[in-house]
Novice: 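The structure follows.
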Amino acid sequence: MAHRMTTPTAPAWLALADTLLNHLATARTPDISYDDEIAAAAPFHERPKARGLAANLQRIARAEAFPPETSEAPTASSEVPNDLSQVGKTAEPLPPPLHFFEGLAAVRLARTLEEDACLARLAAPRALHVFETSDSLVLDYVQQLLRHAFRGGSAGGQQGEAGQQIPRIQRYPSRERDQQAWAEKFQISLGGADPIVILATSAEDLPPEAKDSATAILSLAPLTCDGVLFLLERTHSVTGDVALADLRCRMPSGSFLARLPALTLAAAFRAQNSFEVIERLRAACQPPIPTGDLELLEGMGNLESAARDLVNDMVAHQSGRTAWRDMTRSLLLHGAPGCGKTFAARVIADAAGAQLFTASLGVWQARGHLGDLLKAMRAAFAEARAASPSILFVDEVDGFGTRATDGDHNKNYRRQVVNEFLNQLNGLQEAEGCVVIAATNDLSALDPAIIRPGRFDQIVEVGLPGPKSVAAMLRHHLRGDLGATEVDALAVQARGQTAAEIEAAVRRARGAARRDGVALTRQHLARALSPSTEIPEDLSWRIAIHEAGHALVGAHLRVGQIRAIRLTPQGGLTEIVLRQSAGLPQDIEDALAYQLAGRAAERLVFGVAGSGSGGPAHSDLGRATEAALEAELSLGAGATGLVWLAADPRHLANPELRARISDRLDAAEARAHALLSDARETLHALARALLRERVIEGWALQLMLTLEPEDQEDGDRRATGTDTSSKQPISEEAQEVFPANTQS
């Protein structure tokens with residue numbers, strides 16, 4: 001009797017899969033009487049039936065495992081009267097049941113080797129073959145199949161049939177504490193001529209001597225449609241016949257099948273008949289249902305649009321409408337600590353219906369020495385690849401450092417870590433369904449190879465959440481505990497806070513409610529959203545005047561597009577996308593006037609400027625001084641003429657140069673003061689609105705600046721006193737410009 005799959009056009013590996021299962025069945029049924037020649041050639045389901053009481057009891061038990069109503073009912077297709085769901089009183093005796101995982105392992109191993117001759121090569125003298133798959137459960141059964149195929153090849157060094165050498169079949173342990181002992185035994189085996197087969201979840205984890213001496217490293221081939229039909233013939237049919245044509249036309253795509261883990265496949269094969277198995281497989285392969293709300297990312301710089309593009313691409317790929325090579329597959333997020341990079345990754349994963357995996361250099365380092373770190377990194381990427389659709393979020397990638405650092409005793413360590421990270425990123429190009437999102441607080445600290453084109457499809461700055469996003473975040477974390485009106489009122493109070501601060505405030509509010517023994521109220525959350533140290537009202541007014549001054553002068557001089565002005569619990573900031581310029585002398589003077597406009601606004605309204613504009617190097621005054629120094633020494637726009645000198649602050653020790661820099665800055669502040677004097681009413685109106693709303697952005701801000709809304713221009717997003725696209729995050733700048741305990 002021949003299976004329908006064994007046709008001239010059937011895959012060549014079918015015979016090898018039958019051979020592997022025959023070896024396994026023979027080893028487990030010593031009480032069966034076989035004719036040697038027939039038994040050697042018979043397919044799995046055509047072997048003689050077991051005799052005796054035990055065998056009869058086994059057949060009865062299997063027949064009674066099916067509901068009585070299916071004993072005489074036809075299958076979904078009249079073509080097949082032999083589906084196991086029809087087993088009744090007159091049915092042929094059933095063969096011993098095929099364990100699904102054994103069948104799956106046989107199919108995947110046979111597809112990898114393709115034919116008996118390839119199986120025989122595993123036993124060639126001095127051969128060393130490595131089989132790898134991230135599904136460790138399958139490896140357990142592959143080990144059984146190979147041992148029985150070679151008649152018990154666990155010890156190795158023995159002679160099988162026809163003098164065939166039996167390979168040593170070794171499973172590489174997953175636990176680190178066992179790997180050293182395994183390596184020591186392997187080194188002894190390596191000195192002999194016995195063939196060796198190594199089974200591992202990842203060949204990259206093996207000791208170097210194992211990889212270097214390998215004859216071949218083979219990844220176990222995934223399950224295909226033909227493999228499913230092969231298994232159905234042996235698990236859901238008495239005779240080995242199933243409705244191939246009907247089942248094949250109902251089969252999900254092979255690319256989707258290949259991504260299903262062994263446990264999901266096993267659950268599908270628990271169905272009562274072959275058609276139900278296919279329906280379960282189809283359900284498992286359906287694109288995930290998005291559950292996230294991208295409104296949560298509204299106002300956070302360019303993140304919202306980048307996230308929406310990525311989610312659309314992932315959903316389109318899962319439904320087969322977009323090829324993997326044509327879609328966005330990676331994002332690099334940068335921004336201030338706590339601004340919401342991790343939160344954004346969760347939102348994107350939910351919106352795409354993808355499983356989220358999180359990792360960081362710190363987590364990998366905690367595993368031990370360099371080798372352990374690299375293994376942990378590979379394992380994280382492998383786990384995410386195996387679970388597609390998935391997103392791997394790698395936080396704090398600035399911790400990798402850069403390989404260009406000289407004179408560092410950790411340089412070799414850093415080089416290997418960065419190289420492996422780049423290698424894993426490259427591997428994701430072919431890992432369909434797995435997207436990587438990385439995050440950093442300091443873009444400038446990354447190795448140039450990480451941020452070069454081709455590593456990450458987009459590099460996106462994460463800004464503070466906008467008003468709609470703040471309200472959406474509160475609704476998300478509150479989960480309906482407060483009404484819409486209460487949430488909207490609290491959202492105004494929460495403006496200017498980061499995603500992490502909002503989430504933490506909700507947790508604090510819930511804790512306070514538990515301690516009070518009552519349900520969460522608006523008052524609990526209002527107290528939690530209030531900063532630990534309140535900024536005095538007069539200082540808040542000064543901060544509002546300061547930020548309004550930046551916005552008005554920046555808009556008037558058109559140094560860039562003013563995106564938002566904010567009051568935060570730490571101070572204030574102005575967000576601007578700088579206009580690309582030719583660096584003409586006028587451009588330099590405009591930039592200086594914008595940097596010092598906050599001081600000028602304070603002098604205009606209060607008569608004196610506070611110290612909040614100065615302090616660290618990234619403050620308003622620090623950056624203006626740096627820009628003026630660069631103009632004098634490095635841009636050919638100063639008294640030094642066409643001589644280039646590095647804009648090193650130590651040059652300010654020169655009294656003549658220091659005087660020229662001071663003159664430039666005085667002139668820039670005076671110019672900003674004059675511009676604001678002509679717009680005093682607008683300055684006050686904008687500051688009052690900022691004090692009331694805490695965040696002004698978009699069309700509302702453009703109208704108050706009496707400008708037509710402009711299209712977004714390309715350029716670096718900056719916050720007053722801080723370059724948030726490079727070294728300094730927004731929140732640090734806000735603290736330094738107007739710290740809450742400083743009268744400015």
Side-chain angles (χ1 to χ4, degrees), residues 3 5 11 13-14 16-29 43-45 47 58 61-62 65 84 94-113 119 131-150 152-154 169-174 197-202 218-237 240 242 251-252 254 256-274 276-278 280-281 283-285 382-383 386-387:
H3 295 297
M5 290 281 290
W13 55 262
L14 289 174
L16 177 55
D18 253 330
T19 299
L20 292 169
L21 291 174
N22 280 336
H23 282 305
L24 192 61
T26 301
R28 290 182 174 174
T29 53
F44 180 73
H45 272 279
R47 61 182 183 271
Q58 181 189 62
R62 292 197 67 205
L84 281 181
L94 295 174
L98 171 65
H99 194 291
F100 172 76
F101 290 126
E102 293 172 352
L104 177 63
V107 168
R108 295 188 61 183
L109 181 58
R111 285 201 64 234
T112 306
L113 295 173
L119 180 64
F131 291 91
E132 64 173 354
T133 178
S134 59
D135 205 329
S136 60
L137 181 62
V138 174
L139 282 181
D140 294 334
Y141 291 93
V142 169
Q143 185 174 23
Q144 291 184 35
L145 288 169
L146 288 175
R147 284 181 173 173
H148 290 299
F150 291 106
S154 59
I169 302 170
Q170 302 180 0
R171 175 72 183 275
Y172 186 68
S174 58
V197 174
I198 300 175
L199 307 175
T201 54
S202 173
L218 305 170
S219 295
L220 279 183
L223 186 66
T224 60
C225 296
D226 286 331
V228 171
L229 296 175
F230 175 92
L231 291 173
L232 286 173
E233 288 174 335
R234 289 151 180 80
T235 59
H236 284 69
S237 175
V242 293
M251 193 80 66
F256 288 120
L257 278 175
R259 295 200 291 266
L260 294 181
L263 289 175
T264 301
L265 294 168
F269 270 76
R270 296 283 294 183
Q272 292 295 307
N273 63 60
S274 55
E276 289 181 15
V277 171
I278 299 302
R280 290 189 182 187
L281 292 176
C285 292
E383 183 182 20

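Here, residue 1 is the first one in the sequence, and each next residue gets the next number.
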Novice: Test ring-ring contact (aromatic ring centres under 6.0 Å, His included) on H23 and F150 and set out the steps.
Specialist: CA-CA 9 Å; H23 282 305; F150 291 106; 8.5 Å; no
Novice: Nearest 0.5 Å please: distance from the CG atom of L20 over to the CG atom of L24.
Specialist: 9.0 Å
Novice: Using a 4.5 Å cut-off on heavy atoms from C-beta on, say whether the side chain of V228 contacts that of M251.
Specialist: yes
Novice: About how many Å separate CG of L139 and CZ of R171, when rounded to the nearest 0.5 Å?
Specialist: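 Reported to 0.5 Å precision, the distance equals 4.5 Å.
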Novice: Taking the side chain as everything from C-beta on, heavy atoms only, tell me whether H236 gets closer than 4.5 Å to V277.
Specialist: yes
Novice: Name the one of V107, V138, L199 that satisfies side-chain contact (heavy atoms from CB on, under 4.5 Å) with L220?
Specialist: V138
Novice: Compare every heavy atom of L281 with every heavy atom of A268, then report the nearest pair and how far apart it is.
Specialist: CB-CD2, 3.5 Å
Novice: Of the non-hydrogen atoms in L145 and A106, which two are nearest, and what is the gap between them?
Specialist: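 In this case the closest contact between L145 and A106 is CD1-N, 3.2 Å.
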Novice: Would you mind reporting whether L119 and L146 have side-chain heavy atoms less than 4.5 Å apart?
Specialist: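 Heavy-atom side-chain distance check passes, below 4.5 Å.
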Novice: Kindly compute the distance separating CG (L232) from OG (S237), expressed to the nearest 0.5 Å.
Specialist: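 Nearest 0.5 Å value for the CG-OG distance: 9.5 Å.
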Novice: When rounded to the nearest 0.5 angstrom, what is the spacing between CZ in R270 and CD in E276?
Specialist: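 So the CZ of R270 and the CD of E276 are separated by 13.0 Å.
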Novice: Determine, step by step, whether F131 and T112 satisfy the side chain to side chain contact (heavy atoms under 4.5 Å, CB included) criterion, reporting the C-alpha distance in whole Å, the side-chain angles of both residues, the deciding distance to 0.1 Å, and the verdict.
Specialist: CA-CA 9 Å; F131 291 91; T112 306; 4.1 Å; yes
Novice: Taking all non-hydrogen atoms of both residues, which atom of W13 and which atom of A110 are closest, and how far apart?
Specialist: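 Shortest heavy-atom contact: CB-O, 3.3 Å.
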Novice: Counting only N and O atoms by type, is there a donor-acceptor contact under 3.5 Å from the side chain of T264 to the main-chain atoms of L260?
Specialist: no
Novice: Please work out whether the ring planes of F269 and F100 are parallel, tilted or perpendicular, with thresholds of 30° and 60°.
Specialist: tilted
Novice: Any side-chain to backbone donor/acceptor pair from R280 onto A267? Under 3.5 Å, distance only.
Specialist: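 Side chain of R280 to backbone of A267, a donor-acceptor pair under 3.5 Å: yes, one is there.
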Novice: Does this structure show an ion pair linking R111 with D226, if we count only N-O contacts that are shorter than 4.0 Å?
Specialist: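 Looking at R111 and D226, the cut-off is not met.
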Novice: Look only at the side chain of D135 and the backbone of A262, and say whether a donor-acceptor pair between them is shorter than 3.5 Å.
Specialist: yes
Novice: If I take atom OG1 from residue T201 and atom CD from residue E132, how far apart are they, to the nearest 0.5 angstrom?
Specialist: 8.5 Å
Novice: CG of L218 to OG1 of T133: how many Å apart, nearest 0.5 Å?
Specialist: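 That separation rounds to 12.0 Å.
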Novice: Kindly indicate whether the side chain of F101, heavy atoms from C-beta on, has any atom under 4.5 Å from the side chain of L263.
Specialist: yes
Novice: Do L104 and L223 make a side-chain contact, defined as non-hydrogen atoms from C-beta onward lying under 4.5 Å apart?
Specialist: yes
